[in-house]
2 protein chains.
Amino acid sequence: MRIAVLGTGMVGRTVAGRLVELDHHVVMGSRDAGNPHAAGWLATQPAGRAETGTFADAAAHGELVVNATSGVASLAALAAAGEENLAGKVLLDVANPLDFSQGMPPSLTVVNTDSLGERIQRAHPRARVVKALNTVNADLMVHPELIEDEHHVFVCGDDPAAKGTVAQLLGELGWPESSVVDLGGIAAARGTEMYLALWLALAQATGTARFNIKVVR
Amino acid sequence: MRIAVLGTGMVGRTVAGRLVELDHHVVMGSRDAGNPHAAGWLATQPAGRAETGTFADAAAHGELVVNATSGVASLAALAAAGEENLAGKVLLDVANPLDFSQGMPPSLTVVNTDSLGERIQRAHPRARVVKALNTVNADLMVHPELIEDEHHVFVCGDDPAAKGTVAQLLGELGWPESSVVDLGGIAAARGTEMYLALWLALAQATGTARFNIKVVR
């Protein structure tokens, strides 16, 4: 599949690299075409299936667009990607609206009665936004088998077919079908984003970011 | 132990009843001494180890005080309990600051850079506040064995000895030592309270409130 990965941070590079490994054709998008993180990433990729460009270049290329930008920059990045380049496409939003500007722990810039996922959907009504993977770190996003025990990933979005596409992609990344919990519409992004406050406390208490949760009944 | 349980809702009645079963001497506190929920609860309890009274009556009795009031009413309830009746005592806060006044899903009245647990600790600096059990429903609080798989309960608070007392009480309720995750100081209550947004989404998606999470690595 032709995939756009917007964002050149750890999450963007990790996800983009794994998608190339899985034989997808990936364009990594950034604000400026000459982004050094994107260039560094590109240098490690096999020829032919990886490219870099602007947010708009990437989005124009992708049949599916991954938002892996910093949460506080996501709306601007997606605006730069361009409404026409997003229209009708599955927009997999893995970002969290974390503000690190006041030091650690970061606070959330959107909470409670709204979420970044919803803001993105409202800003791009023709995109088919699916929130997923934002509850685990980059390594686990693309290598869930790093944790032996069963654990869960949450998806939500208003377009069932788009969620199906994302579930299939999650399967390629190693998430078994039974590990994918459908939380319903995009408003459930409030839950998975606000969970970050517990995630941060757990990361601090356990001294690792390589953990996840399993829902048990 | 002499325990006060403040609150006469489902959580208060369930926790108070289980503590009586475990041979503690419980006084259930409410705003008005003639509270019908408290009276109904008392009628089902064995003689000698259960009583009802005002918030102040209960807090004066308890060596340990459980805040099981509605989160939006907790600060007023604890003010009514009285600073002198709380001073030096372990105050186990199981409440969530959920506001149901705008319908479902409820929103949180405190989030992000503050929490109900912290507000209670600031309002009662001589109480030794420990936040715990607010991430599961009433049945699971007192019968964690209802879920066969391992699952976790989170404790946080600024007084390590108070957390130790709570961990011991959790053990009596059936939470194995390995299931108790210490998240550090009371500021981590932000995490366990904000998790409620995910809890609510999971409850809606799975159709049950009898679930919990297991942290896996």
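Letters go in sequence order (proteins before strands), and every chain restarts at 1.
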* Check step by step if side chain to side chain contact (heavy atoms under 4.5 Å, CB included) holds for A:W41 and A:V5. => CA-CA 12 Å; A:W41 171 80; A:V5 175; over 6 Å; no

* What's the shortest heavy-atom distance between B:P144 and B:V142, and which atoms? -> CD-C, 3.5 Å

* To do: Counting only heavy atoms closer than 4.5 Å, note whether A:E150 contacts chain B via side chain, backbone, both or neither.
  => backbone

* Residue B:D182 versus chain A: region with a heavy atom under 4.5 Å -> backbone

* Between A:V216, A:I213, A:I147, which residue shows the highest count of heavy-atom pairs closer than 4.5 Å to chain B? -> A:V216

* Picking from A:L183, A:L198, A:L196, which has the most non-hydrogen pairs under 4.5 angstrom with chain B? -> A:L198

* To do: Count the heavy atoms of every other residue, nucleotide or ligand shown that sit under 6.0 Å from CD of A:Q204, and state whether that count exceeds 12.
  => no

* Asked: So which of B:S107, B:A188, B:A205 has the largest heavy-atom pair count under 4.5 angstrom toward chain A?
  -> B:S107

* Asked: Under a 4.5 Å heavy-atom cutoff, which of B:L202, B:V181, B:T208 has the most pairs with chain A?
  -> B:L202

* Supply the atom-to-atom distance B:D93 CG to B:I186 CD1, rounded to the nearest 0.5 angstrom. => 7.0 Å

* Apply the test salt bridge (Lys or Arg N to Asp or Glu O under 4.0 Å) to residues A:K131 and A:E118: give CA-CA distance (whole Å), side-chain angles for both, the deciding distance (0.1 Å), then the verdict. => CA-CA 9 Å; A:K131 188 103 201 180; A:E118 289 165 278; over 6 Å; no

